Every structure is written in structure tokens, then in C-alpha cells.
Amino acid sequence: LGLALGYAETVGAFDIFIGANVVDSSGYPDCRPEFLTAFESLANLATKAGTEGTGTFRVHSPLLKLTKAEIIREGAKLG
């Protein structure tokens, strides 16, 4: 996420997507919704764009609450 944030700010993008899944959160604490919300807050406090108000960074995690089977089904549906 840190690298994605740096790149996003460089190219003027404000939407960051991550494939985190809460099912993995016991082994990967950065897969928790609380972490992603906190990172989004950090992004808006720790960047020039965020502090100058030229944009608001948003972290999107569309797979967060899907089961592994739902993720596979969605991927197959999308090709």
C-alpha cells in the first residue's frame, strides 16, 4: 500500500485498490478492515495532495469480505 500510495500521488490518482481478504487476517493483520481504514487516514495526512486538499485518497478492497469460493467464482465470471 505504501508503494501504491507513492505511485498514486505521483500520477495524480486517488483511488488505491488492494486484493486483501479478511479470511487471511489472522496471519496478515493488514487484511483487516480497521487497518485499511487507518491506512486511508494516513494517506490523507501524510501526503502533499492530502494535506493541501487537492484530492482525497481512498483505499478500495472489493474482495475483503468475500469467501475464497466467491472470489474464484467472480474471477471466472469476469474471465
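The model shown is predicted, which means the values in this text are computed figures rather than measured ones.
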J.: Does Ile16 reach the side chain of Arg58, with side-chain heavy atoms less than 4.5 Å apart?
T.: no

J.: Taking side chain as C-beta onward, heavy atoms only, is His60 less than 4.5 Å from Ile18?
T.: no

J.: Are Leu63 and Val23 linked, directly or through other ILVMFWY residues, by side chains that come within less than 4.5 angstrom of each other?
T.: no

J.: Keeping Thr47 on the side-chain end and Gly50 on the backbone end, is there a donor-acceptor pair under 3.5 Å?
T.: yes

J.: Where is the tightest heavy-atom contact between Phe57 and Ala8, given as atom of each residue plus distance?
T.: CE2-CB, 4.1 Å

J.: According to a 4.5 Å side-chain heavy-atom criterion applied to Ile, Leu, Val, Met, Phe, Trp and Tyr, with indirect links allowed, do Leu66 and Leu36 form part of one hydrophobic cluster?
T.: no

J.: For the hydrophobic clusters of this structure (ILVMFWY residues joined by side-chain heavy atoms under 4.5 Å, transitively), does one cluster hold both Val22 and Ile71?
T.: no

J.: Is a donor on one side and an acceptor on the other found under 3.5 Å between the side chain of Glu40 and the backbone of Thr37?
T.: no

J.: Does Leu42 belong to the same Ile/Leu/Val/Met/Phe/Trp/Tyr cluster as Val59, with side-chain heavy atoms less than 4.5 Å apart forming each link?
T.: yes

J.: Work out which heavy atom in Asn44 is nearest to a heavy atom in Gly55; give both atom names and the distance.
T.: OD1-O, 4.1 Å

J.: Counting neighbours of NZ on Lys65 that are heavy atoms of other residues, nucleotides or ligands and sit closer than 6.0 Å, is the number greater than 12?
T.: no

J.: Counting only heavy atoms not in Phe17, do more than 12 sit closer than 6.0 Å to its CZ atom?
T.: yes

J.: Is the shortest side-chain heavy-atom distance between Phe14 and Glu9 below 4.5 Å?
T.: no

J.: Between Phe35 and Leu1, which heavy-atom pair has the shortest distance, and what is it?
T.: CE2-CD1, 3.8 Å

